[in-house]
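Worksheet: the structure to be examined is printed underneath.
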There are 2 protein chains.
Amino acid sequence: MATKWLTPPEMAAWRSFIDTSGDLLRAIEKDLEPFGLDRGDYQLLAMLSEAPDNELRMCDLADSLRLTRSGLTRRMEGVLKKKLVSRVQSKEDGRVAYAQLTPKGMELLKEAAPEHLESVRKYMIDVLSPTEIKAIATAFTKIASNLG
Amino acid sequence: MATKWLTPPEMAAWRSFIDTSGDLLRAIEKDLEPFGLDRGDYQLLAMLSEAPDNELRMCDLADSLRLTRSGLTRRMEGVLKKKLVSRVQSKEDGRVAYAQLTPKGMELLKEAAPEHLESVRKYMIDVLSPTEIKAIATAFTKIASNLG
DNA sequence: CGATAATATTTGCGTCCTCAACTATTTCTT
DNA sequence: AAGAAATAGTTGAGGACGCAAATATTATCG
């Protein structure tokens, strides 16, 4: 079976994506430092803030953060110690624990979110044309549904 | 200063990008497992294979792999042990060491590359229209030059 | 020329994460 | 209802990487 190589535009897409996506995420993460958050913490808080009662089961939260359960257990240690999130044991099911955003966590998130959005704009959105923005949205959505 | 929120298409672009890019990279990395390589190793070998004499100074290699020098030192331990890469001390400058692809490393890379490209096609390229591919290339190129 | 600064690399230490194994609880199966 | 299987979460071990400090070598400046 002959290997089908990538055409120049295909290669350009792939290369620019791998070369740049890490840099982009690192740049955005750096802007979260003043708040004492890294990207993982921010995403965790953001996820909880969008959930009913600001709480999610550990395993659902792990899935949405693309962490293993054990990875989430470890990350929780940090935000628990900072009192940004609290643990709530479920009454109905003795196995499940909820992670719940505390008022302090919500407050910090509300402080950090505008900065964070500003970073997303600065490093990504504002650099792109509306057409490119739409293309990225549809492209990654297609990739995701092809993966899942 | 009022926060400028993201419009729905902007939010869709950002969300789909962060939600998906990690999954995409993980899927591609998984296909490298049969070769005993992870993505870091593959990139390292690929970089060397494109360099003159199949060798690069450690610090240049670190930069192109987006690793710190110390990170590269550690990653080198793995590929050195597997004899995929060898260390060459510079004659002109006593400080610098070169990482050089071994024949064995080159051979493995040539085995793995078609598989790898096939993964890139399968998970990314073949899912997208030519327009989307071009848009991704120009978009990430713009983002990169804005970052740098 | 000699002191200082710059450059290249490694090492110690800490963090984050995964995998595999373990515990605890609930849900099937028959 | 009893035993097996599934589900939720934690823990121990280990890997990969960053930061800061240490080391070695070369370049620069007075």
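All chains are named by letter (A, B, ...) in the order of the sequence lines, taking the proteins before the strands, and each is independently numbered beginning at 1.
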Using a cut-off of strictly less than 4.0 Å, decide whether R74(A) has a side-chain nitrogen or oxygen near OP1 or OP2 of dC17(C).
-> no
Has the side chain of S16(A) got a donor or acceptor atom that lies under 3.5 Å from a matching backbone atom of A13(A)?
-> yes
To the nearest angstrom, the CG-P distance between D63(A) and dT7(D) comes to 12 Å
Does dC17(C) have OP1 or OP2 sitting under 4.0 Å from an N or O in the side chain of R75(A)?
-> yes
Separation of dT7(D) P from M58(A) CE (nearest whole Å) | 18 Å
How close or far is atom C1' of dA16(D) from atom CG of L65(B), stated in whole angstroms?
-> 14 Å
Does OP1 or OP2 of dT10(D) have a side-chain N or O of R87(A) closer than 4.0 Å?
-> yes
Whole-Å gap separating C1' (dG18(D)) and CD (E33(A)) | 12 Å
Candidate nucleotides dT9(C), dA8(D), dG18(D), ranked by approach to the side chain of A97(B) - the nearest | dT9(C)
Return the value, rounded to whole Å, for the distance between atom OH of Y98(A) and atom P of dA8(D).
-> 11 Å
Salt bridge (charged side-chain N to carboxylate O under 4.0 Å, His left out) filter on K104(A), not counting sequence neighbours, yields none
Give G71(A) one of three labels, base, sugar-phosphate or nothing, depending on what nucleic acid heavy atoms sit under 4.0 Å from its own.
-> base
At under 4.0 Å between heavy atoms, what does Q89(A) touch on the DNA or RNA strands: base, sugar-phosphate, or nothing?
-> nothing
Report which part of the nucleic acid R66(A) touches: base, sugar-phosphate, or nothing (heavy-atom distance under 4.0 Å, all strands).
-> sugar-phosphate
Separation of L61(A) atom CG from dC17(C) atom P, in whole Å?
-> 12 Å
5′-ward residue of the pair E77(A)/V96(A) relative to DNA chain D = V96(A)
Would you kindly compare G94(A) and G40(A) by the position of their nearest DNA chain C nucleotide and give the one closer to the 5′ end?
-> G40(A)
Base dT7(C) to side chain R95(B), donor-acceptor N/O within 3.5 Å cut-off | yes
Do D93(B) and R57(B) sit within salt-bridge range, that is, some charged N less than 4.0 Å from a carboxylate O?
-> no
D23(A): partners by salt bridge (charged side-chain N to carboxylate O under 4.0 Å, His left out), with sequence neighbours left out | R26(A), R66(B)
Atom-to-atom span, CG of L72(B) to C1' of dC19(D) - whole angstrom = 16 Å
What integer distance in Å separates D38(B):CG from dT18(C):P?
-> 14 Å
So among R69(B), M47(B), E55(B), R75(B), which one has a side-chain contact (heavy atoms from CB on, under 4.5 Å) with L61(B)?
-> M47(B)
Between K91(A) and R69(B), which is nearer to the 5' end of DNA chain C once each is assigned its nearest nucleotide?
-> R69(B)
Is the shortest side-chain N to carboxylate O distance from E50(B) to R15(A) below 4.0 Å?
-> yes
Considering just the side-chain nitrogens and oxygens of T73(A), establish if one lies under 4.0 Å of OP1 or OP2 belonging to dG9(D).
-> no
Reckon R39(B) touches a base, only the sugar-phosphate, or nothing at all at heavy-atom distances under 4.0 Å?
-> nothing
Has the side chain of S70(B) got a donor or acceptor atom sitting under 3.5 Å from an opposite partner on the base of dC19(D)?
-> yes
